[in-house]
Amino acid sequence: MTRTDDRNKTDDTGPSGYAAARLHLLTEGARSGPPRRTALAELTDDWLTGLFTAAAPSAKGISLIAVGGYGRGELSPRSDLDLLLLHDGADPAAVAALADRLWYPVWDLGISLDHSVRTPAEARKTAGEDLKVQLGLLDARHLAGDLGLTAGLRTAILADWRNQAPKRLPELQELCAERAERHGELRFLLEPDLKEARGGLRDATALRAVAASWLADAPREGLADARRRLLDARDALHLVTGRATDRLALQEQDQVAAELGLLDADTLLRQVYEAARVISYAGDVTWREVNRVLRARAVRPRLRAMLGGGKPVAERSPLAEGVVEQEGEAVLARTARPERDPVLPLRAAAAAAQAALPLSPHAVRHMAATARPLPTPWPAEAREQLITLLGSGRPTVDVWEALEAGGLISRLLPDWERVRCRPQRNAVHLWTVDRHLIETAVRASALTRRVSRPDLLLVAALLHDIGKGWPGDHSVAGEIIAKDVAARLGFDRADVAVLATLVRHHLLLVETATRRDLDDPATVRAVADAVGSESTLELLHALTEADALATGPAAWSTWRGSLVTDLVRRVAAVLAGEHPDTEPETAAPTAEQERLAIEAHRTGGPVLALRAQAEPGPPEESAEAGEPLGVELLIAVPDQPGVLPALAGVLALHRLTVRTGGLRTLRLPDDVDDDGSVLLLDWRVAAEYGSLPQAARLRADLVRALDGSLDITSRLAERDAAYPRRRGRAAPPPRVTVAPAASRHATVIEVRAQDAPGLLFRIGSALEKTGLRVRSAHASTLGSNAVDAFYVTTGAGLPVPEVEATSMAKALEETLRA
């Protein structure tokens, strides 16, 4: 439909004609994106103009103005209309009557309306008091009535904005920062707010306002396209939901992707993240320039007085060959020749990061346009500069972003393109894949003193998840990519092999330490065989910690770190020539564990200790590392059937979430008369609601659960019926597998499932019904995911036959799916 056709429909039938034309425009497939937004704005313009003309044939001294997004001519399907009825002081009753004849037809159609009635003086006064009003008026557009009145207001508002820029722009920057704090960073959120989050449409509008001040301007490369992509996504979201929403919820992403003609929700998120990255970087550069100009304006009068009126010359301090510092940025020296110096981009980036300076966007653009590609393999200087950049700590992030904005990263590392802005649909991960890799390098830079080859640690940190851009196991794919990249970087064959091993096994230590029995010699031997050497083990230990710390708080803790350290100690002993079978089969119990075990044996019942506070991590560890995963619950109980489901059920009844947990058999000391054994459970739990229950109550309920007088199944069913859980995004189905060759003494059953109240109780009950004995258990919760491993044996203490174990795993999986 052309604009003339749209106008004719509204002219023929009034508001109902507008509604029909609007519906047709939003449902036809011929137009979408900017053409549809423009057509919808024009259609609305014609309708409102008709209403205004019919109500006020003589329009002298009064006008109708569109402001905000409507003023920019951008209307999404469910956007509200921002309108200003401007008058020069006409009869209040006549103005009010005109306003009613404009506003009520809009309301009658169910369209949201943000309206105001003001004189030019009132509009300027309100704008001076309310920054949001002033921002909306910067996009004021005449619709109907007295054009001169509208033009006068626009001129005055722009003049006020430019005159007040030194005061208003810092307010605008603070407003953007506060909004980012509330809504987060768009490009790292699984359910982002397309408008309010950092890098969203609000920030794009703020950049327009900065440009209108004539004080600074945003980098233009890709900015318009980024803004268009976010608007297109919001349009599709409005059409899919039928609501005026800006939050891209998980359950709607597939439909929005289909509306935009994209492959799937991940493709949609990547486009949204990429757009947000462009806008965020443009904002960083722009606000840096604004602050530089404002500082210069404040200092310049004093300098002129000191220098007798002459213009000061900007100081340039050398940072590296071809790189200098000027006005708080790393820029290219006047003698720099990127076309002759292919290492210059990496040298400039490394110098900027080492000096904790931003890398000038002008320098990045110049290098991107003129620098020659590096030869293959890279010269030694290029490799050294990359390692220097990666080892610079937190400043690496901003410098890497600058290189990304100029397209230099994908040119240096072509494989980066597949992980750039790739979402990670896992609540444990805070970042997209590419940002996680950089964050891991930042964390690894603090651990370089612990390893003999810090260069390999830093490069492994950069590459460890590079395989996530490919189908299949990302560790397997990453190993192949790491070999290729390392060879291109110029590492020799031995170093390439080490990097490939680190990438292939970057999850080995933490998964083994938290899900396997470290007292089983087969566990330690398997890790030793995979790692191969003590130097590689040293690197893998540091990479494991850096990776976990860069993932998020739920991925690392002092407790988890101690398990990994214990595993590394055992593996190092094997690699040094010791045989794992010569080590004791069980680790020596602590004094408290031994005390509880003896008391449980003598009383014949459970004994427990509940520590209200976990021990803090070492001072050198980060805040995340020292943060406890709940409180420590130690339980000793005479070895008997049903302990695991009984305890798990009691914890579920008391609304205690199991963060991590272990179960093992503890032999009693030699001076105890009986040769019996006690089960020792060392768990970390957290209260789902309110405070922790008293230890005495937990013990009493555990006693009842063990003697059968407490029907846990019925109690949990009653609670679930009374308080049904909210429906959300469908979780992946549970998976139960038998870990091959994980132990010579037991069969390892591994369960991965969505964490839920009573999950561990259901698993324990199902295992108990099989008649198998749980030799040890290792439970962990990462975000919303539970990953539990159970070492089970037959009644005779032997591993379960393979066929029987596979059948049991399948039955357990079906039970959990029910």
Side-chain angles (χ1 to χ4, degrees), residues 1-56 63-85 98-116 136 139-145 194-195 201 205 227-248 252 255-261:
M1 182 186 294
T2 65
R3 183 180 177 186
T4 303
D5 295 333
D6 295 339
R7 185 189 298 118
N8 288 339
K9 278 188 175 288
T10 60
D11 290 345
D12 289 343
T13 56
S16 61
Y18 168 74
R22 178 187 176 95
L23 179 62
H24 177 72
L25 177 61
L26 295 179
T27 54
E28 68 172 340
R31 275 185 286 188
S32 62
R36 182 170 59 195
R37 287 190 289 274
T38 300
L40 182 56
E42 291 176 346
L43 181 68
T44 306
D45 290 354
D46 291 341
W47 176 50
L48 293 173
T49 298
L51 292 176
F52 184 93
T53 302
S63 64
L64 182 63
I65 301 172
V67 298
Y70 182 30
R72 294 189 294 274
E74 298 170 340
L75 276 185
S76 290
R78 294 287 174 173
S79 291
D80 58 353
L81 299 181
D82 292 338
L83 294 171
L84 167 63
L85 188 61
L98 174 58
D100 287 345
R101 297 186 67 178
L102 292 172
W103 308 154
Y104 276 99
V106 177
W107 288 326
D108 290 343
L109 290 182
I111 299 174
S112 297
L113 177 66
D114 189 351
H115 60 90
S116 58
D139 291 310
R141 181 169 59 86
H142 180 76
L143 294 178
L194 300 173
K195 188 175 184 179
L201 293 169
T205 301
R227 195 164 162 275
R228 177 190 63 78
R229 286 182 182 274
L230 292 186
L231 287 169
D232 288 352
R234 184 174 69 169
D235 286 0
L237 182 61
H238 284 189
L239 291 173
V240 163
T241 62
R243 294 180 286 109
T245 179
D246 298 308
R247 182 168 295 282
L248 193 57
E252 287 141 8
Q255 292 175 276
V256 172
E259 179 71 26
L260 292 171

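Nearest heavy-atom pair, R101 versus A54, reported as atom, atom and distance to 0.1 Å: NH2-O, 4.0 Å. Residue L25 comes nearest to A39 through the heavy atom pair CD2-C, 3.7 Å, listed as atom of the first residue, atom of the second, then distance. Residue L237 comes nearest to T245 through the heavy atom pair CD2-O, 3.5 Å, listed as atom of the first residue, atom of the second, then distance. When all heavy atoms of L83 and L143 are compared, the closest pair comes out as CD2-CD1, 3.7 Å. Across all non-hydrogen atoms, the minimal contact from A236 to V256 is CB-CG1, 3.8 Å. Shown here for A233 and L260, the closest heavy-atom pair between the two residues is CA-CD1, 4.0 Å.
At least one side-chain heavy atom of P105 sits under 4.5 Å from a side-chain heavy atom of W47.
Between atom CZ of residue R36 and atom CG of residue L26 there is a gap of 6.5 Å, rounded to the nearest 0.5 Å. One finds the CZ atom of R72 at 12.5 Å from the OG1 atom of T38 (value rounded to the nearest 0.5 Å). Considering CG of L201 and CG of D246, their distance stands at 7.5 Å, rounded to 0.5 Å. Taken from OG1 in T241 to CG in L248, the straight-line distance is 10.0 Å, to the nearest 0.5 Å. One finds the CG atom of D82 at 10.0 Å from the CG atom of D139 (value rounded to the nearest 0.5 Å). Note that the CD1 atom of I111 and the OG atom of S79 stand 10.5 Å from one another [nearest 0.5 Å].
For the pair Y70 (side chain) and D45 (backbone), a donor-acceptor distance under 3.5 Å is present. R22 contributes no side-chain N or O that, together with a main-chain N or O of L43, makes up a donor-acceptor pair within less than 3.5 Å.
Residue pairs satisfying the side-chain hydrogen bond (donor to acceptor under 3.5 Å, both in side chains) criterion with at least one member in residues 227-236, sequence neighbours excluded, are listed as follows: R37-D232, R37-D235, E74-R227, S76-R234, S76-D235, D225-R228, D225-R229, R228-D232, R229-Q271.
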Full working for side-chain contact (heavy atoms from CB on, under 4.5 Å) between L64 and T49: CA-CA 8 Å; L64 182 63; T49 298; over 6 Å; no

D46 and Y18: CA distance, side-chain angles, deciding distance, side-chain contact (heavy atoms from CB on, under 4.5 Å) verdict: CA-CA 9 Å; D46 291 341; Y18 168 74; over 6 Å; no

Stepwise side-chain contact (heavy atoms from CB on, under 4.5 Å) test for L48 and V106: CA-CA 9 Å; L48 293 173; V106 177; 4.1 Å; yes

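A perpendicular orientation is assigned to the rings of H115 and W107, their planes being inclined by more than 60° (bins at 30° and 60°).
Residues satisfying the side-chain hydrogen bond (donor to acceptor under 3.5 Å, both in side chains) test with H142, not counting sequence neighbours, are T150. Legend: residues meeting side-chain hydrogen bond (donor to acceptor under 3.5 Å, both in side chains) with E252, ordered by chain and number and at least two apart, are R243.
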